[in-house]
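Each chain gets a letter, A, B and so on, in the order its sequence line appears, and its residues count up from 1. What you are looking at is a predicted structure, and each value in this text was computed from that prediction instead of being measured. All values below come from the heavy atoms of this structure, side chains included, with hydrogens, waters and symmetry mates left out.
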There are 2 protein chains.
Amino acid sequence: MLYEGGEEGTMNVTIKDVAKRANVAPSTVSRVIANSSRISQRTKDKVREAMKELGYHPNFNARSLANQNTKTLGVVMPNSANKTFQNPFFPEVIRGISSKARELDYGLYLSTGQTEEEIYQEVQNMVQGKRVDAIILLYSRVNDRVMNYLYEQHFPFTVIGRPYDEKNMDITYVNNDNYRASKMVTEYLLLLGHERIAFIGGNLDFVVTVDHMEGYKDALENAEVAVRNDFTVFHEELQEGGQEAVIDLMSLPERPTALVVADDIMTFGVLRMLDEMGISVPEDLSIISFNNVLISELSHPPMTTVDINIYGLGYEAANCAIEKIMNPEIETKQVIIPHRLVKRQSCKKNEASISTS
Amino acid sequence: MLYEGGEEGTMNVTIKDVAKRANVAPSTVSRVIANSSRISQRTKDKVREAMKELGYHPNFNARSLANQNTKTLGVVMPNSANKTFQNPFFPEVIRGISSKARELDYGLYLSTGQTEEEIYQEVQNMVQGKRVDAIILLYSRVNDRVMNYLYEQHFPFTVIGRPYDEKNMDITYVNNDNYRASKMVTEYLLLLGHERIAFIGGNLDFVVTVDHMEGYKDALENAEVAVRNDFTVFHEELQEGGQEAVIDLMSLPERPTALVVADDIMTFGVLRMLDEMGISVPEDLSIISFNNVLISELSHPPMTTVDINIYGLGYEAANCAIEKIMNPEIETKQVIIPHRLVKRQSCKKNEASISTS
DNA sequence: ATGAAAGCGCTAACAG
DNA sequence: CTGTTAGCGCTTTCAT
């Protein structure tokens with residue numbers, strides 16, 4: 001039943017035990033662990049042998065204490081009380097982060113805070129308690145206390161998204177060009193002959209929402225289509241938000257013929273509500289969305305959406321964070337992960353306009 | 001710009017600095033941190049004052065080293081290479097775990113392994129490297145190396161799900177009664193007049209799949225309906241699996257009139273494929289699923305599914321893990337989280353049978 | 001009620 | 001190339 005397993009089940013075997021067993025000094029063992037080049041192959045073999053025999057595993061805390069580093073990355077999620085958290089976006093970024101972290105032998109420490117205040121406290125503990133070597137922020141809020149704190153402390157960190165106030169905060173971040181993506185998407189709808197294009201955004205506290213909105217507006221303005229207030233709505237909750245937005249928009253005397261929706265999950269809500277109302281997509285209404293999470297292709301109808309390469313965002317963020325750890329003096333950098341439109345079946349030419357065009 | 005912030009930006013303030021400032025010994029400061037009852041209130045105040053002034057934060061690694069505990073829980077996910085990972089199940093369990101962990105001031109350390117081997121190595125490091133005080137396994141595979149290892153080491157851990165070999169492994173776990181849930185669901189379909197009920201299971205390496213299958217079979221047998229091999233299929237990948245399963249099943253000379261599907265996300269795949277084939281749910285085919293993740297209500301049509309209280313699973317698992325830490329001699333326990341059927345619109349009476357009944 | 005000192009397990013000068 | 005030694009920052013006997 002026992003899988004391999006060291007000698008004893010119990011007492012911790014330390015570097016000293018190994019040293020004794022191998023007839024060398026503890027420091028030598030330490031050097032072998034670090035695979036120092038100044039140790040003879042013979043000794044290395046001898047020590048490694050002893051380690052194996054005793055089932056030695058280095059104690060992480062001791063090492064961190066002596067080293068002043070932890071080989072772990074702190075990952076900060078938005079407050080988990082919120083349902084945003086349920087977005088499949090998160091497992092996917094984490095997969096990306098994990099992947100890079102693994103490559104370079106970093107571990108992941110997760111924030112668990114449910115409120116902004118809790119998160120702030122936690123981050124403080126991570127930083128000052130030396131629990132992590134760097135932090136990755138999985139969101140970027142408009143005036144974020146946590147980000148400000150990290151910035152002031154000169155603690156290595158990366159954000160996924162971007163600081164709202166980019167001019168005054170020189171920060172390393174990984175982001176999509178959400179402005180351009182949103183603009184492009186709106187233009188696409190315009191090209192399909194739509195003019196009454198509504199926008200359903202997320203929480204306006206998030207920078208991504210602002211960027212989406214501006215892209216949308218600029219596209220309309222460039223096309224000389226008026227931006228209407230009743231056509232831009234924002235909702236915090238993903239699913240309910242999508243549903244409520246539809247109610248608002250479809251109650252308007254003049255209904256939109258196309259929708260730009262901030263998030264795929266929200267789009268699921270939108271589609272559901274539309275279905276209940278008997279409005280068909282894309283026949284009566286075209287929809288285009290953002291993120292391309294895995295289930296997106298399974299909506300009814302399959303949604304056209306912008307793939308933002310979530311995995312890549314995570315991977316790059318981890319990369320930047322680790323670079324910062326290795327070289328704290330490194331200049332900040334801004335990585336833009338390319339997006340791409342994934343055409344499926346939720347968009348269609350606007351029939352009404354065809355005659356007029 | 002600076003948020004509060006201690007005195008200096010730079011050098012680490014330690015317990016000694018605080019001691020000096022407060023005119024006490026380091027040990028006294030330590031006792032104040034632990035809020036020892038043998039310290040006068042006066043001294044406590046004085047020390048706390050000094051801590052505040054200096055912006056003191058305890059060093060976690062030092063503390064862990066001295067204490068032999070870390071106040072952190074290791075969370076082990078299934079291999080993240082697999083797409084299983086994208087299941088919204090995970091954010092939700094983690095939310096549950098976080099919640100309990102927070103209450104008791106525990107942190108979360110996440111496994112990042114992409115292969116079984118990597119995970120095994122990682123867990124070994126967590127355990128022997130004293131990185132965590134206990135481990136929560138987020139899955140239960142049929143003959144899991146990690147679980148066996150933890151068991152052999154007598155390391156505190158909990159699994160979500162259950163050991164396959166329950167008789168021989170006395171393990172604390174948190175689970176649903178997946179057998180009963182599956183049986184109930186099948187019986188429900190039977191009551192609706194269905195007899196040709198097919199079963200689409202997940203990866204047979206997971207214990208939950210086995211339990212589902214047995215519940216399904218027993219329900220049929222009790223009703224004296226023959227269990228047909230061509231009606232039980234298993235698929236690993238969630239979305240593709242669902243789609244492929246449908247192809248298999250609908251190619252059969254005698255098609256099923258109802259489906260029991262192992263997972264909501266899989267059901268999305270099933271619904272998508274069915275839609276493409278022009279088979280309508282629930283008119284032509286009834287479907288019932290498991291998990292009730294958040295988006296489940298947004299399928300087309302909204303799916304009937306079994307709510308397994310994912311959050312609760314996580315919360316209880318964390319609870320058990322921490323109990324084990326506090327009292328390693330505590331007896332193992334098995335917690336069953338209740339499930340409940342959430343009726344929506346994917347099931348319907350079997351018309352064919354109505355006449356014959 | 002508080003201080004002195006040893007030690008948790010490892011690393012990193014400094015010697016040789 | 002390898003050993004000696006002094007910490008890393010905190011906790012915890014053992015004194016007082």
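DNA chain D lies under 4.0 Å from no heavy atom of any residue of residues 32-51 of chain B. Near-neighbour residues of DNA chain C inside residues 123-134 of chain B, defined by a heavy atom below 4.0 Å, are absent.
Residues B/Pro26 and B/Leu65 both approach DNA chain C. Their nearest nucleotides, taken by heavy-atom distance, put B/Pro26 toward the 5′ side.
A side-chain donor from one of A/Gln41 and A/Asp45 sits under 3.5 Å from a side-chain acceptor of the other. Between the side chains of A/Ser99 and A/Tyr311, at least one donor N or O sits under 3.5 Å from an acceptor N or O.
Contacts of A/Asn69 with the nucleic acid, taken as non-hydrogen atoms under 4.0 Å apart, are absent. Residue A/Tyr56 is classed as a sugar-phosphate contact, given heavy-atom separations below 4.0 Å to backbone atoms only.
Considering only side-chain atoms of B/Ala25, the nucleotide from C/dG7, C/dG3, C/dG9 that sits closest is C/dG3. The side chain of A/Thr14 approaches C/dG9 more closely than any other nucleotide in the set C/dG9, C/dA5, D/dG9. Checking D/dC10, C/dA12, D/dT13 against every side-chain atom of B/Asn59, the shortest atom distance belongs to D/dC10. Comparing D/dT11, C/dC14, D/dC10 against the side chain of B/Ala62 picks out D/dC10 as the nearest. Comparing D/dC10, D/dG3, C/dA5 by their nearest atom to the side chain of A/Val24 picks out D/dG3.
Interface remark: the B/Ser27 side chain does form a donor-acceptor pair with the C/dA4 base, using a distance-only criterion of under 3.5 Å.
A donor-acceptor pair is defined here as one N or O able to donate and one able to accept, closer than 3.5 Å; no such pair exists between the side chain of A/Asn319 and the backbone of A/Tyr315.
For A/Glu122, the side chain to side chain contact (heavy atoms under 4.5 Å, CB included) partners two or more places apart in sequence, or in a different chain, are A/Ser111, A/Thr112, B/Arg102. A search for salt bridge (charged side-chain N to carboxylate O under 4.0 Å, His left out) contacts involving B/Glu117 returns B/Arg145, not counting sequence neighbours. Evaluation of the side-chain hydrogen bond (donor to acceptor under 3.5 Å, both in side chains) rule for A/Glu323 yields A/Lys333 as partners, not counting sequence neighbours.
Rounded to an integer number of Å, the gap from CG of B/Asp17 to C1' of D/dC8 is 13 Å. The CD1-C1' distance, from B/Ile15 to C/dT2, rounds to 14 Å in whole Å. Between B/Asn61 atom CG and C/dG7 atom P the separation is 22 Å, expressed in whole Å. One atom, CG of A/Asn12, and another, P of C/dG7, lie 17 Å apart when rounded to the nearest Å. Rounded to an integer number of Å, the gap from A/Phe60 CZ to C/dC8 C1' is 17 Å.
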Show me the donor-acceptor pairs, under 3.5 Å and distance only, between side chains in residues 22-36 of chain A and residues at least two apart or in other chains.
| unit_1 | atom_1 | unit_2 | atom_2 | d |
| --- | --- | --- | --- | --- |
| A/Asn35 | OD1 | A/Lys44 | NZ | 2.9 |
| A/Asn35 | OD1 | A/Arg48 | NH2 | 3.4 |
| A/Ser36 | OG | A/Arg38 | N | 3.0 |

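Tested against A/Leu137 for a side chain to side chain contact (heavy atoms under 4.5 Å, CB included), the candidates A/Val123, A/Ile160, A/Val76 yield a single pass: A/Val76.
By the 6.0 Å and 45° rule, A/Arg131 stacks over the aromatic ring of B/Phe60.
In this model, the phosphate group of C/dC10 is not approached by any side-chain N or O of A/Ser30 to a distance below 4.0 Å at OP1 or OP2. The phosphate of C/dT11 has OP1 or OP2 within less than 4.0 Å of a side-chain N or O from A/Arg63. Of the side-chain N and O atoms in B/Asn67, none sit less than 4.0 angstrom from OP1 or OP2 of C/dC8.
Classification of B/Lys52 and B/Glu49 as a salt-bridged pair fails, no side-chain N sitting under 4.0 Å from a carboxylate O.
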